[in-house]
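Quick notes on the structure that follows.
Residue numbering restarts at 1 for every chain, and letters A, B, ... go by the order of the sequence lines. Atoms considered below: every heavy atom in the structure, side chains included; atoms not considered: hydrogens, waters and symmetry mates.
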Protein chains: 2
Amino acid sequence: MARQLPQPGRDSINLVTVLAALADPVRLTLMRSIYAHGDPIDCATIAAGIEVTPPTISHHYRVLREAGLTTTTVDGRRRIVTIRYEDLDVRFPGLLAAILTPELIPPTAGAGKDPAPPVRQGQISVH
Amino acid sequence: MARQLPQPGRDSINLVTVLAALADPVRLTLMRSIYAHGDPIDCATIAAGIEVTPPTISHHYRVLREAGLTTTTVDGRRRIVTIRYEDLDVRFPGLLAAILTPELIPPTAGAGKDPAPPVRQGQISVH
DNA sequence: AGTTCACTTCGATGGATGTCAAAGTGTTGG
DNA sequence: CCAACACTTTGACATCCATCGAAGTGAACT
C-alpha cells in the first residue's frame with residue numbers, strides 16, 4: 001500500500017506551470033496549510049475550512065501534483081500530501097520560501113509604529 | 001514630461017495577482033528581459049523578438065503594471081518600464097530573485113557532468 | 001499641417017479554467 | 001456482504017484570458 005500518484009520528474013518541473021498552480025487563492029491556501037502543518041497530512045484535514053466542494057478540492061490537489069509542487073500517496077482511503085521541498089529548491093531556489101512565508105500585513109497608516117524594518121534594501125541589484 | 005502610469009501602492013500589491021501576472025510565458029519573458037537589460041528601457045526594445053502583436057504586448061505590460069510588478073512612465077511617444085524591486089522585496093522578500101534568476105538547465109542524463117551543485121539541501125526546513 | 005511613429009483601446013473570438021452535481025471507485029467497518 | 005467513507009471522474013456551465021485586426025491618441029519630425 002501507500003501507492004504514489006503520478007507526478008513530473010524533478011527536471012521537468014516548469015516555472016510557468018508552477019506559478020500558474022500557485023496563482024489561485026484556493027491552491028495557495030492549500031499549500032500554506034500543508035506547509036504550516038509540517039508533517040505529511042491527509043487531504044481532508046488540510047481541506048477542512050476551505051469552502052469549496054470535494055470535487056473542486058480534488059481538482060486543485062491534482063493541479064498542484066501535476067505541476068510538481070506536491071507528492072500524493074494513497075494510503076487506504078485517504079490521500080497524504082507532501083510538498084516537494086527538495087526538488088523545488090533545486091529547480092527554483094528560494095521560490096517556495098518566498099511564497100509560503102506568511103504575507104506581511106500591510107502597516108495600517110499611522111497605527112503602531114513598526115519597530116524593525118523601515119525600508120530594507122532590495123536583494124537584487126539593479127543598474 | 002515623464003508622466004507615470006497608474007499603479008497599485010506598495011501595500012496593496014497582492015501575491016496571487018503577482019503570481020498570476022508571472023504565470024504567463026510572454027510576461028515572464030518580458031520581466032526577465034527588463035531584468036537582464038538592467039537599465040530602464042523602452043517597451044519596444046524589450047518587446048523586440050517576442051512574436052506577438054503590439055496590442056498583445058501592450059496588454060501584457062498593463063497586466064504587469066497593474067499587478068504591481070513594474071512602473072511605466074511615459075516619455076514622449078515611448079514608454080519606459082522598470083521593475084519595482086524595492087516594493088516587491090518589502091512585500092515578498094526573495095520572490096523576484098527566485099523568479100528572475102535564469103532557470104537551471106535540467107542536466108542531460110549522462111552528459112557533461114556538472115562540476116558544482118550536486119543536490120543542495122532545501123532552504124525550508126520541514127519536520 | 002500632414003505624416004510617421006509608438007503605442008493604446010475596442011471589439012471579437014477561441015481556448016483554458018474554476019466550480020458544481022451526479023455518478024463511479026476502492027477501502028474500511030460491521 | 002453491505003453500508004459508510006474518502007475521495008475521483010465525468011459532464012456541464014459560466015467566466016476569464018490571450019490573442020488579433022481595426023481604429024484611436026498623442027508626440028515628433030519635416
Note to self: Quick check on dT19(C): is either OP1 or OP2 less than 4.0 Å from any side-chain nitrogen or oxygen of Thr53(A)?
What the structure shows: no
Check: Any luck finding a side-chain donor-acceptor pair between Gln7(A) and Thr71(A) under 3.5 Å?
Finding: yes
Note to self: What is the separation between atom CG on Leu28(A) and atom C1' on dT17(C), rounded to the nearest whole Å?
What the structure shows: 17 Å
Checklist line | Considering all heavy atoms, the nearest Thr29(A)-Pro25(A) contact | finding: OG1-O, 2.7 Å
Note to self: Could you measure the distance from the CZ atom of Arg65(A) to the CZ atom of Arg62(A)? Nearest 0.5 Å is fine.
What the structure shows: 6.0 Å
Check: Whole-Å distance between dA6(D) P and Leu5(A) CG?
Finding: 18 Å
Next item on the list: Using atom CD1 of Ile50(A) as one end and atom C1' of dC7(D) as the other, report the distance to the nearest whole Å.
Entry: 15 Å
Next item on the list: Answer yes if Val63(A) and Leu22(B) sit in the same cluster of Ile, Leu, Val, Met, Phe, Trp and Tyr residues linked by side chain heavy atoms under 4.5 Å apart, and no otherwise.
Entry: no
Table of protein N/O atoms under 3.5 Å from nucleotides 26-30 of chain D N/O atoms:
none

Notebook entry, point to check: How long is the line joining CZ of Arg79(B) and P of dC5(C), in whole Å?
Noted result: 16 Å
Item checked: Candidate list Leu64(B), Thr72(B), Leu5(B), test side chain to side chain contact (heavy atoms under 4.5 Å, CB included), partner Val81(B), passing option -> Thr72(B)
Next item on the list: Treating Ile, Leu, Val, Met, Phe, Trp and Tyr as nodes and any side-chain heavy-atom pair under 4.5 angstrom as an edge, say whether Met31(A) and Ile50(A) lie in one connected cluster.
Entry: yes
Check: For residues 55-66 of chain B, which residues have at least one heavy atom under 4.0 Å from DNA chain C?
Finding: Pro55(B), Ser58(B), Arg62(B)
Check: To the nearest Å, how far apart are Asp24(A) CG and dG18(C) C1'?
Finding: 7 Å
Note to self: Has Asp75(B) got a side-chain atom pairing as donor or acceptor with Arg78(B)'s backbone, closer than 3.5 angstrom?
What the structure shows: no
Margin query: Is any side-chain heavy atom of Leu28(B) closer than 4.5 Å to one of Leu15(A)?
Written below: yes
